[in-house]
Structure formats: structure tokens, C-alpha cells
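No hydrogens, no waters, no symmetry mates; every other heavy atom, side chains included, goes into these values. In what follows, chains are A, B, ... by sequence order, proteins preceding strands, each numbered from 1. Just so it is clear, the model here is predicted, and its values are computed rather than measured.
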Amino acid sequence: MTGSDQAALVAETIDKLLADNPPATTEPKTFWGAQFDAGLAWVDYEPGDGGLGVSPKYRELVSRRLNDADAPMWNRMANIIGIGMGAGVLAAHGTKEQRQRWLRPMFTVDEVWCQLFSEPGAGSDVAGLATRAVKDGDEWIINGQKVWTTLAHLSKWGMVVARTDPDQPKHKGLTYFIVDMESDGVDIRPLYQITGEAEFNEVFFEDARIPDSQRLDEVGEGWRVAMTTLMNERVAIGGNTVPRGSGTIGVAVETWKKSGSGEQSDRRELARLWGEVEAMRLTAMRATENMTAGVPGPEGSTGKLAWADLNKEVTSFTVSMMGLEGATIPEGYTLEPTVYGTRMTERVLSPQRLFLRARANSIEGGTSEIMRNILGERVLGLPGEPRVDKNVPWKEVPRG
Amino acid sequence: MVDAITFAKSDEQTMLGSTVRDFLEATVDFDAVREMSTTEDAMDANVWNGLAEMGLIGLHIPEQYGGAGFGATEVGVVFQELGRKVAAVPLLSNVLASTAILSAGTDEQKSRFLPEIASGETVATLAVYEGAHDRAPMAGEASLMSRDGGWVLNGVKRYVTDAPNAGVFVVSASTPDGVALAVVPSDASGVLVAATNSLDATRPLGEVTFNEVSVNSDDVMADASGAIAAAMDMGVVCLAAEQVGGAQWCLETSVEYAKNRYQFGRAIGSFQAIKHLCADMLVAVEHSRSVAWHASATIEDAKESAIAVPLARSVCSDAYVKAAGDTIQILGGIGFTWEHEAHLYFKRAKSTSLLLGSVDSYRDRLADAVGI
Ligand SMILES: Cc1cc2nc3c(=O)[nH]c(=O)nc-3n(C[C@H](O)[C@H](O)[C@H](O)COP(=O)(O)OP(=O)(O)OC[C@H]3O[C@@H](n4cnc5c(N)ncnc54)[C@H](O)[C@@H]3O)c2cc1C
């Protein structure tokens, strides 16, 4: 298909979806099901997997058109780990049966997903993880502890990386599974965070069982699959082509208008930040364009780092603009597990809460230090640091 | 508008960039540039003549007036390369002056003034600033009074780019009917040019005094405030591209050095303190590139360029100043020497952020444009 044929196909399919399922009168889940079946969930995926097999650059067109039509789009938020990362992993490493089993209910939020990588002893160094999986017939028995598992308390499925061979060097002895979070031997406990909510959890595996049919890719290939997950995560976090002026910079502008000091210096700083955010947004657009033109450039990997730093700056400045009001927090800290996707409360969207939440941006999905290492080494080709854990069997690497 | 944004360059544009890059790589001699930096009227004649031969001096001037008829994207492509080599040529001044003429002049005036600017025979520059803190420069104190069927110009313009090398000044002044631009040859009687020692010696500045200078009425363009604003915006597009090119040089130079300089038995680029400065520089360069391209691609779209121009100014200025400073840090002592090129970039970066109005004034514009 030529570019213009693809564009026409996508546009017609959107028209038909909207005509057959008017957003105003269609239940969100029904709409998402129809969107998936029409191939507009991830347009670049194969037909049957929620796509039309066209260039990924049309994802933006779909989002924009659906957004303009007021179609429900909060499935992306409610199932952020599934739709933002899990889908990409399934597309790259899943068998046809696995894709057909999981993609549709993921997209319709009938089944929420979580990501079980981090452990108390393995955060940045996730390849050092200790959770064990041992083969038992056509099942795997899994034991260990995961931590910071976002949305585990609401999830049906978890992407888990476990060690299947401790005698291999750390990157080699890992295997990737999809675990049923409702199965026996999986214990989920909320972990409260700086905002008072619990988005994330601790997850304990005690002789939990995973059918071998829920293994992704080969035994021992877990690191490769994990890397796909992390790449998708970083794009999901930093590479989004969101509407101009939306998100926390939009909150900042609103705050300036509603409760700003009126000082020229504040206005300038806000304009500067608005410009930095817009530069990041244009860079993400450029990256998408180049990705589809087949020349992925450095602009594709800067988003996560740029976003973390900027979002912290923007949200902190927003609270400063509020003056003394910034020293308050709506509704206080009520410790409760987070439920995404329902109506956001005033507290959740308040500048103070966004300010607190932003501290995680430079930690979650790879810390900013790690992102700078990656940019420096993989993109700019600077030498790595001396390593004490290379080519050493995992069980002999110091931990703590 | 932004929805349909495209950053892809045509093959011709990419070719243009590499042609100019190859030419500058072969032509710019940093020893000579350092030498020039001790003078008040630096101008790299080899580069200027080469650009003239390639037909690139009047790059944005329509063909009917002797130019190449390129759009702003091509202008950006060329300026990016010039910035990458801190080329000491008065092209910015030429673009400022000719954009003002294109915008305010009559057909007859364009046909008369533009061809020799386009050919590079005459360096033209825009003389609008009078005080160090002028924001949107208009007439200032300078005045044009009518006398004997013509005009008489009086005033002092400062921080005029390339003044020491200019053959023609396009000067803003007030008339009883508003702001006008007068086209005045530098050798006209009553014109006094004093070079100013400039922080970035590769872009000389000067003060130009007009004392009872007679100007033909044919040489005056009335109702010129829009033309001055258009010239400034075009200047920002040029400078933003130049800032990207300069910052890109900083990144390449820093990374190259960090790979090859060893201390404590390791390449310094393996130290995170250095690696992370480079990573941040990469982010800043990519962001600058996005906004600079966007500004050149949308210059004809009044609504979008009201955002894109101040946006480019804000982002590219901070990015280049920081990149040039960090480059010196990464290079260590050698980066502080006169012998190394780093200081040429550092000076260019700082001075660029001050030309054509303060970065803050553009942030004010940006705030206006986006409704802050
Ligand atoms: C809100 C939130 C949600 C999360 N959700 C999930 C999730 O759903 N699933 C999941 O698996 N994980 C999740 N995480 C975990 C997250 O991925 C880890 O916290 C992160 O990778 C850092 O690991 P750590 O906390 O163990 O810190 P550490 O790795 O111990 O890092 C501590 C400090 O040391 C620095 N450091 C470590 N190594 C290096 C190095 N080589 N060079 C320089 N500095 C270094 C770090 O940058 C950091 O500053 C979440 C975290 C947060 C905050």
C-alpha cells in the first residue's frame, strides 16, 4: 500500500467506526471492542491483532480524530501498562495464539496488566533479579518477591521476569512469563507512596504456578523480552505525541490564570517552560516521523529523560506560582489504593499532587541517571564504566 | 497547523546542507578566524566569495531580483552549517536588510536594491537598535525630515551587525507619517561608522551616526513597522538554525574528546559526570533542532509563526549557551585557551542570545501568543 492509500484506509476506517458507534451513546467498553475489531487499536499491528498493518505514524491520526470526536480514550490510562507496554511485547514476542488470547481484553480493559520486574534487590540493575522459576512438567513453579508493581492490585495478568538458570551470567539465565495475578501463591500488598495513594504494590510469589504456554519467547531469552518492554515503556512515558499545551503544562497555565501572582518574572518563566515542553513535544513528533521514514535517530531516545526533568520543573514551578495556597493540599493524605480510569478527583489533578507525583518521573521506568548512561553509551558511543558483574555467574555477584 | 507538521527534508535540501558543509569544512581556517578575532571588522572573504559563487548569498531573495528564491527551510539549512563553523560572514545582516526591503519596498526599489545584495557585491545591514535594552525596535529617536523634495536623516544606531563591513544601511527612523526605512550607502556624506569591539568578534558590531544625511525620496520606504518585524522574525529563524549548528558542533566536539582523553586510566567519557553532561547536551540539541526547523517551516503562516518564532528563540538560545559552556568544562584547560576553537562558539552563543532583542522579550511574546 502506498502512503496515500494507507492514509485513506485509516481515515475511512475511522469514519466508519465513529458512524457505527457514536461516542456519545456508546458504552466505552463496547466502543473499544469495536475500535479493536476495526483495526484502530494499534493501526500498525496485523489485522486481527487490533491493527490494519499500516505505518505506525497513523497512530497519531487515530488519536487525534478520536480525541476530536470525544471518543473514550481513558483505556490507555486505566490499563497503561498493558496498552502502553504489554501490547508491544506481545506484538514482538508473542505467538499468534498468545496475541489472540490477550490483546483484545487488554484493549477493552476487561483485563488489566502489570509489570513485575523490580525487586528489593534489583531496581536499576533489573537483570540482577532473584525471583526463581523452576520447570515442573508443563508448568513453572515460581518463588520470590517483586516490588513497586504498579496496578498489581487491579490486574489480571502480570509480565514477570524470573531466573531460570542461576549458574549463567546474570543477563543469560532469565525467562519471561505472563502470570495470572489471581492464581494461588500470588500475594499482593499495597505500598503507599509520597502522595498517600498506593499505585504500586509488593507482590510475593510462593509456589505460584505458570503454564508453559504463558512463557514468552524461549527459555533464557527473558532479558531480550524485558528490553522490548523497557523500550516500549520509555516511549510510552516520553515519546507521546500529546496535544500542544496539554498535561501538566496546561495545569500550569490554568494555575497562572486562576491563582498566579501576576508577576512578569513568573509569566516569563512559565513561557520558558511552555517552550521547553513544546520543544519536547515537537521532538517526539519528529521521532515518530523519522521512525516511520526508517531512520530512527537520537531524537527518539531523549524523551523519557527530558520529560522527567521537565515535568518535575513544571510541577514545582506551578506550586510556587500559587504562593501560600501551594502550601496546602486538597483533601489531605488519605491512604488508599489508586483506582485509575474513574473520574479523577480534585486532589488527583491538583497541582500539589502532580508536584508530588512528579518526583517518581526520574525513578520509574529507569532512573534519569540510568537514562543518561544509556544516551551517553548507546547513542553517543561513550565508553561504559568498568564493570564488576560482567561474565560472572549470577550467584557470585555481590548484592545488597 | 501543528497537526500537519512535517520535519522531513527533501533530497535537495539535504544536498544543499552537505554541499555547504563540505565547502565550509574545506574553507574555514580556524587559525585565520582566531587572527580575525583581534580585529574589529572580521569577515572571512574566502567563505563570502565561495557563497557568492554558489549563488547562496541572496538565498531567500526571489530570482527576479537576482537571488536563489529559496524558502526559509533552505535558509535554515544554510545557517545551520554556517553556525557549525562560526563562519565570519555578514549573511545574517544581508538577510535582515533584504527581508526588510522585500517587505516594505516597491517593485522599483526591490529591483534597484536587491540584485547587488544578492550577488554579495554589497553587504547590507539593518540599523534599527539605539539602546541596549530596546525591545521591539522601531524608529527610535532617529528622524527623517522632508527637505527640498527629499529627506534628511539624523540619528545614531547602535549594535548594528556587520556595520564595519556594510556598504548599505537600511535605517529605521520616524517621519510625520510613522516609521520608515531609509536605504543609505555607507559612503554617503554625513554617515560615520565606528566599529564596536564585539564579544563575538566573528560578528562585528558597530555604531553608525547619521548626521544631516540627505536621502532621495526614492530611497525611503514608508509604513515600515511590519517590515521591521518581518525582518526580525526572519533573523530569529536564521539565528535559531545557527544556534543548532553551533550546539551540534559542541556536542560532537565534547563527545569526541570524552572518548579520547584518558585520566585515571579511563576515558573521561566513562565518568558519569562527563557522560551525563553529554547526554543532557544531546537532549538540548535535539530539542533545538525541532523548534528551529519548525520555525523555518512555518514562517509564512502568521498564526503559527507567532508561536514558533519566540519558541525557537527561547529554546535555542538557552541550549546553545549551556552547550558551549559545558563544552569548555568537558575540555578542561585546553577549552579555556585561545588556541582551541571552543571560545569562538562560547562567544557566538552568548552574543547570539543577546542580538535581535532579549530572550526574555521573546518569552513575553510567546506568553502573549499562547494566552498565558
Ligand atoms: C511510581 C513508580 C512506579 C513503578 N512501577 C513499577 C512497575 O510497575 N514495575 C516494576 O517492575 N517496577 C516499577 N517501579 C520500579 C522502578 O523501575 C525502580 O524504582 C527503578 O528502576 C529504580 O530502582 P531502585 O528503586 O531499586 O533504585 P536503585 O537502582 O537502587 O537506585 C538508587 C539510586 O542509585 C542510582 N543508580 C543506580 N545504578 C546506577 C548506575 N549504574 N549509575 C548511576 N546511578 C545509579 C539511581 O539512579 C538512583 O538514584 C516503579 C517505581 C516507581 C517510583
**Message:** Need one label for Asn260(B): side chain, backbone, both or neither, based on atoms under 4.5 Å from any heavy atom in chain A.
**Reply:** neither

So which of [options] has the biggest tally of heavy-atom pairs under 4.5 Å with chain A?
options	answer
Leu277(B), Val359(B), Ile307(B), Val285(B)	Ile307(B)
Leu366(B), Val291(B), Asp318(B)	Leu366(B)
Arg365(B), Arg289(B), Met281(B)	Arg289(B)

Looking at [X], I want to see if its [atom1] is surrounded by more than 12 non-hydrogen atoms of other residues, nucleotides or ligands under 6.0 Å.
X	atom1	answer
Tyr362(B)	OH	yes
Gln329(B)	CD	no
Lys350(B)	NZ	no
Met15(B)	CE	no

**Complete:** Residues at least two apart in sequence or cross-chain that pass salt bridge (Lys or Arg N to Asp or Glu O under 4.0 Å) with Arg272(A), listed by chain then number, are Glu269(A), Glu313(A)

**Item:** Residues forming a salt bridge (Lys or Arg N to Asp or Glu O under 4.0 Å) with Lys275(B), sequence neighbours excluded
**Value:** Glu377(A)

Measure across [X] and [Y] and return the closest heavy-atom pair with its distance rounded to 0.1 Å.
X	Y	answer
His287(B)	Ala279(A)	CB-CB, 3.9 Å
Thr283(A)	Ser290(B)	OG1-OG, 2.6 Å
Trp256(A)	Ile372(B)	NE1-C, 3.4 Å

**Top of Glu254(A), Met371(A), Arg267(A) for chain B proximity - count of heavy-atom pairs under 4.5 angstrom** = Arg267(A)

**Asked** Using non-hydrogen atoms and a limit below 4.5 Å, what part of residues 264-274 of chain B faces chain A?
**Response** Arg266(B), Ala267(B), Gly269(B), Ser270(B), Gln272(B)

**Message:** Can you list the residues of residues 237-256 of chain B that sit under 4.5 Å from chain A, counting heavy atoms only?
**Reply:** Leu251(B), Val255(B)

**Item:** Contact check, side chains of Gln264(A) and Asp364(B), non-hydrogen atoms, under 4.5 Å
**Value:** yes

**Message:** Less than 4.5 Å apart, side chain to side chain, heavy atoms only: is that true for Leu375(A) and Asp280(B)?
**Reply:** no

**Message:** Working note: Leu311(B) + Leu282(A), criterion side chain to side chain contact (heavy atoms under 4.5 Å, CB included); need CA distance, chi angles, decisive distance, verdict.
**Reply:** CA-CA 11 Å; Leu311(B) 171 68; Leu282(A) 291 172; 4.1 Å; yes

**Prompt:** Measuring from Arg268(A):CZ to Ser358(B):OG, what's the distance to the nearest 0.5 Å?
**Reply:** 6.0 Å

**Asked** Quick one: what part of Leu380(A) sits under 4.5 Å from any heavy atom of chain B, side chain, backbone, both or neither?
**Response** both

**Request:** Kindly indicate, with the supporting measurements, whether the criterion side chain to side chain contact (heavy atoms under 4.5 Å, CB included) is fulfilled by Arg286(A) and Glu286(B).
**Result:** CA-CA 10 Å; Arg286(A) 187 153 66 82; Glu286(B) 292 304 327; 2.7 Å; yes

